[in-house]
Amino acid sequence: SYCMPLEGLKFLPQESLLTASEIALVTEAAVASGFRKFRITGGEPTLRKDLIEIVAGMRKVAPEADIAMTTNGILLPGMAHDLHAAGLDRVNIHLDTLDGERLRQIMRLADLDRIMAGIEAATEAGLTPIKLNSVVVKDVNDLDVAEMARLTIDQPIHVRFIELMPFGSGEPEEIARQQGVSSEESRQKIESELGALLPDPSPDP
């Protein structure tokens, strides 16, 4: 709701998209230029029928690279193990709240149970540490940040709270300007419920 207009967007036709072999070629050129981290993103990359082939092709030309993917997680139960076997290291999953009704309001077609199943599948497949991306919106999910942060206590999960930035035009831009929440505000809410947040000295992949 904060980045996608209700009427949707027009996407490129299939024949205009990079093929798996073309993506591998771009990856190979990037490695030659010094790149060591790659992110597969979208839209929703799990909708690509050749996603396993894409990951395998990237891994072949970038054997030492860190390859991650950002996804809504819904289709991960059917492909998490294959993605890991093909060479994917970990996933970022977009999840704004653990309240199912609010999630449907924010992400429109999202289903909390299916996303949680995707997180579980990714964990079992070894696509860890899982990073959850949560965009914080005033009067929508800003009171849910502590509950989201609690997930990190006993699971291999990192939660990253993202400030809503005004971009684009129309409805999304207006939401961003009126309902943005600073990282400091989110931190205060988390600390009031879970205690002081301290820097983690371990490296972040």
Side-chain angles (χ1 to χ4, degrees), residues 1-9 11 39-55 67-164 171-172 175-176 179 181 183 186 189-190 192-194 204-205:
S1 60
Y2 48 73
C3 67
M4 182 74 74
L6 278 171
E7 64 271 15
L9 297 174
F11 297 100
R39 172 74 50 78
I40 301 168
T41 183
E44 176 49 49
T46 59
L47 295 177
R48 286 280 300 238
K49 297 184 185 303
D50 56 351
L51 180 59
I52 305 299
E53 182 184 353
I54 288 171
V55 173
I67 302 176
M69 180 178 73
T70 299
T71 172
N72 62 26
I74 290 175
L75 297 179
L76 284 179
M79 62 174 61
H81 283 278
D82 288 341
L83 285 168
H84 190 255
L88 189 68
D89 290 306
R90 55 187 172 78
V91 291
N92 289 26
I93 297 176
H94 192 96
L95 180 62
D96 287 325
T97 177
L98 296 175
D99 182 286
E101 181 58 34
R102 273 199 290 277
L103 186 71
R104 283 188 290 273
Q105 293 173 358
I106 299 169
M107 299 176 68
R108 291 181 173 148
L109 300 178
D111 184 299
L112 181 61
D113 290 340
R114 294 178 70 185
I115 294 175
M116 297 306 291
I119 293 172
E120 182 178 355
T123 302
E124 292 177 352
L127 295 170
T128 55
I130 292 171
K131 297 184 178 182
L132 300 183
N133 295 337
S134 179
V135 176
V136 185
V137 182
K138 183 180 179 181
D139 298 328
V140 177
N141 67 332
D142 55 320
L143 298 182
D144 300 339
V145 293
E147 185 179 12
M148 290 286 297
R150 197 183 300 275
L151 291 173
T152 69
I153 294 175
D154 56 5
Q155 299 182 61
I157 289 176
H158 299 177
V159 179
R160 306 194 300 179
F161 297 103
I162 301 170
E163 290 186 9
L164 190 60
E171 179 190 5
I175 291 173
Q179 296 179 262
V181 178
S183 294
S186 294
K189 288 184 173 69
I190 294 168
S192 69
E193 292 196 33
L194 302 181
D204 185 18

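Note that the coordinates shown come from a computational prediction; the quantities given were computed from them, not determined experimentally.
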Chemist: Regarding T97 and N141, is there a side-chain donor-to-acceptor distance under 3.5 Å anywhere?
Modeler: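 On atom types as modelled, these side chains do not qualify, holding no pair under 3.5 Å.
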
Chemist: How long is the gap from CD on E124 to NE2 on H81, to the nearest 0.5 Å?
Modeler: 5.5 Å

Chemist: Any side-chain donor paired with an acceptor under 3.5 Å for N92 and H94?
Modeler: no

Chemist: Which atom pair, heavy atoms only, marks the closest approach of P77 to A121?
Modeler: CA-CB, 3.6 Å

Chemist: Which pair of non-hydrogen atoms, one from L88 and one from L127, has the smallest distance, and what is that distance?
Modeler: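 Closest heavy-atom pair between L88 and L127: O-CD2, 3.3 Å.
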
Chemist: If you round to the nearest 0.5 Å, how far is CD1 of I54 from CG of L83?
Modeler: 10.5 Å

Chemist: Taking all atoms of both residues into account, what is the closest heavy-atom pair of P45 and L51, and its distance?
Modeler: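 Taking P45 first and L51 second, the nearest heavy atoms are O-CD2, 3.7 Å.
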
Chemist: What is the distance from atom CG of L143 to atom CD of E193, rounded to the nearest 0.5 Å?
Modeler: 9.0 Å

Chemist: Nearest heavy-atom pair of V145 and F161: which atoms, and what distance?
Modeler: O-CZ, 3.3 Å

Chemist: Please lay out, stage by stage, how L98 and M116 fare under the test side-chain contact (heavy atoms from CB on, under 4.5 Å).
Modeler: CA-CA 9 Å; L98 296 175; M116 297 306 291; 4.2 Å; yes

Chemist: Would you compute the distance between atom NZ of K189 and atom CG of L194 and round it to the nearest 0.5 angstrom?
Modeler: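 If we round to the nearest 0.5 Å, K189:NZ and L194:CG are 13.5 Å apart.
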
Chemist: Applying side-chain contact (heavy atoms from CB on, under 4.5 Å), run through V181 and S186 and close with a yes or a no.
Modeler: CA-CA 7 Å; V181 178; S186 294; 3.9 Å; yes

Chemist: Check the pair T71 / E44 against side-chain contact (heavy atoms from CB on, under 4.5 Å), numbers first and verdict last.
Modeler: CA-CA 6 Å; T71 172; E44 176 49 49; 2.7 Å; yes

Chemist: Give a yes or no on whether the backbone of R114 and the side-chain of D111 come within a donor-acceptor separation of less than 3.5 Å.
Modeler: yes

Chemist: Carefully, step by step, assess D99 and R102 under the rule salt bridge (Lys or Arg N to Asp or Glu O under 4.0 Å).
Modeler: CA-CA 5 Å; D99 182 286; R102 273 199 290 277; 3.7 Å; yes

Chemist: Would you sort out whether R104 and E101 count as a salt bridge (Lys or Arg N to Asp or Glu O under 4.0 Å), showing the intermediate values?
Modeler: CA-CA 5 Å; R104 283 188 290 273; E101 181 58 34; 2.8 Å; yes

Chemist: Where is the tightest heavy-atom contact between A122 and I130, given as atom of each residue plus distance?
Modeler: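 Closest heavy-atom pair between A122 and I130: CB-CD1, 3.7 Å.
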
Chemist: Quick one, L132 and I119 - any side-chain contact, counting heavy atoms below 4.5 Å?
Modeler: yes

Chemist: Quick one: list whatever passes salt bridge (Lys or Arg N to Asp or Glu O under 4.0 Å) with D89, sequence neighbours left out.
Modeler: R59

Chemist: Pair D96, V137 - check side-chain contact (heavy atoms from CB on, under 4.5 Å), show working.
Modeler: CA-CA 9 Å; D96 287 325; V137 182; over 6 Å; no

Chemist: Give, for atom OG1 of T70 and atom CZ of R90, the distance between the pair rounded to the nearest 0.5 Å.
Modeler: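 It comes to 8.5 Å.
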
Chemist: Between L76 and I93, is there a side-chain heavy-atom distance shorter than 4.5 Å?
Modeler: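 They are in contact (side-chain heavy atoms under 4.5 Å apart), so the answer is yes.
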
Chemist: Compare every heavy atom of L95 with every heavy atom of L103, then report the nearest pair and how far apart it is.
Modeler: CD1-CD1, 3.8 Å

